[in-house]
Visitor: 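Got a structure for you, questions after.
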Amino acid sequence: MTAWTTPRLALRRGTAIGALPYEFFFGPMPPGPYWQAHSRLGDHYDAMLYLGPPASLSFSPLTYPRCAEPAYVEMRIRRMAIATPTPPGTPTVTDRLKQNCVAR
């Protein structure tokens, strides 16, 4: 993937990457019969969007008007909690989002 031009959308069905086990990218699968029956990456994702190597990515903080919208903030918190589990002893996604909003 590192040699691909960016951005790049790569379909998974019928490819070597789609045939890889889920654990290859995400670590241990959640328990349960569904995950046992659907163990390949292609079972869960139709495509992958490659935006470039991590060092080339940048992130934009939320602007104040968005921080003032409770429904938007709650949606961001839900998505952040799914995307980035909080390790013990570190600020939660809610704490981080509030800190970012206060700083604006």
Side-chain angles (χ1 to χ4, degrees):
M1 289 173 48
T2 58
W4 292 355
T5 56
T6 57
R8 178 82 172 239
L9 184 66
L11 299 178
R12 300 290 104 223
R13 186 173 301 266
T15 68
I17 293 175
L20 288 171
Y22 178 89
E23 296 96 333
F24 184 83
F25 290 95
F26 302 107
M29 283 192 302
Y34 173 82
W35 293 96
Q36 295 301 317
H38 301 92
S39 62
R40 304 286 177 201
L41 186 70
D43 296 335
H44 301 278
Y45 301 98
D46 294 328
M48 293 174 71
L49 178 61
Y50 179 67
L51 298 174
S56 73
L57 302 178
S58 63
F59 297 90
S60 298
L62 288 175
T63 58
Y64 176 75
R66 284 299 207 182
C67 290
E69 297 176 32
Y72 181 80
V73 171
E74 287 303 313
M75 179 273 301
R76 294 298 318 151
I77 290 170
R78 281 193 310 275
R79 289 183 181 180
M80 289 169 71
I82 292 168
T84 31
T86 305
T90 60
T92 66
V93 292
T94 305
D95 295 336
R96 291 188 314 225
L97 184 60
K98 287 178 181 175
Q99 288 170 353
N100 288 340
C101 284
V102 169
R104 303 287 166 249

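Reckoned from all heavy atoms, side chains included, excluding hydrogens, waters and symmetry mates.
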Visitor: Is it true that a side-chain atom of Arg40 and a backbone atom of Gly18 form a donor plus acceptor pair closer than 3.5 Å?
Guide: no
Visitor: What are the two closest heavy atoms between Pro28 and Tyr22, and how far apart are they?
Guide: O-CE2, 4.5 Å
Visitor: According to ring pair (Phe, Tyr, Trp, His ring centres under 6.0 Å), who are the partners of His38, at least two apart in sequence or on a separate chain?
Guide: Tyr34
Visitor: Taking the six-membered ring for Trp and the full ring for Phe, Tyr or His, determine whether the centres of Tyr45 and Phe26 are under 6.0 Å apart.
Guide: yes
Visitor: Who are the side-chain contact (heavy atoms from CB on, under 4.5 Å) partners of Ser39, not counting sequence neighbours?
Guide: Met29
Visitor: List the steps, then state whether side-chain contact (heavy atoms from CB on, under 4.5 Å) holds for Leu41 with Ile17.
Guide: CA-CA 7 Å; Leu41 186 70; Ile17 293 175; 3.7 Å; yes
Visitor: So which atom in Ala47 and which in Leu9 form the shortest heavy-atom distance, rounded to 0.1 Å?
Guide: CB-CD1, 3.7 Å
Visitor: Tell me the closest heavy-atom pair linking Asp43 and Ala37, and the distance in Å.
Guide: OD2-O, 4.4 Å
Visitor: Output all residues satisfying side-chain contact (heavy atoms from CB on, under 4.5 Å) with Pro31, sequence neighbours left out; order by chain, then residue number.
Guide: none
Visitor: Partners of Phe25 by ring pair (Phe, Tyr, Trp, His ring centres under 6.0 Å), sequence neighbours excluded?
Guide: none
Visitor: Over all heavy atoms of both residues, which pair between Leu51 and Thr6 is shortest? Give the atoms and the distance, please.
Guide: C-CG2, 3.7 Å
Visitor: Sequence neighbours left out, what passes salt bridge (Lys or Arg N to Asp or Glu O under 4.0 Å) with Glu74? Give chain and number order.
Guide: none
Visitor: Taking only residues two or more places apart in sequence or in another chain, which ones pass side-chain contact (heavy atoms from CB on, under 4.5 Å) with Ala10?
Guide: Trp4, Arg12
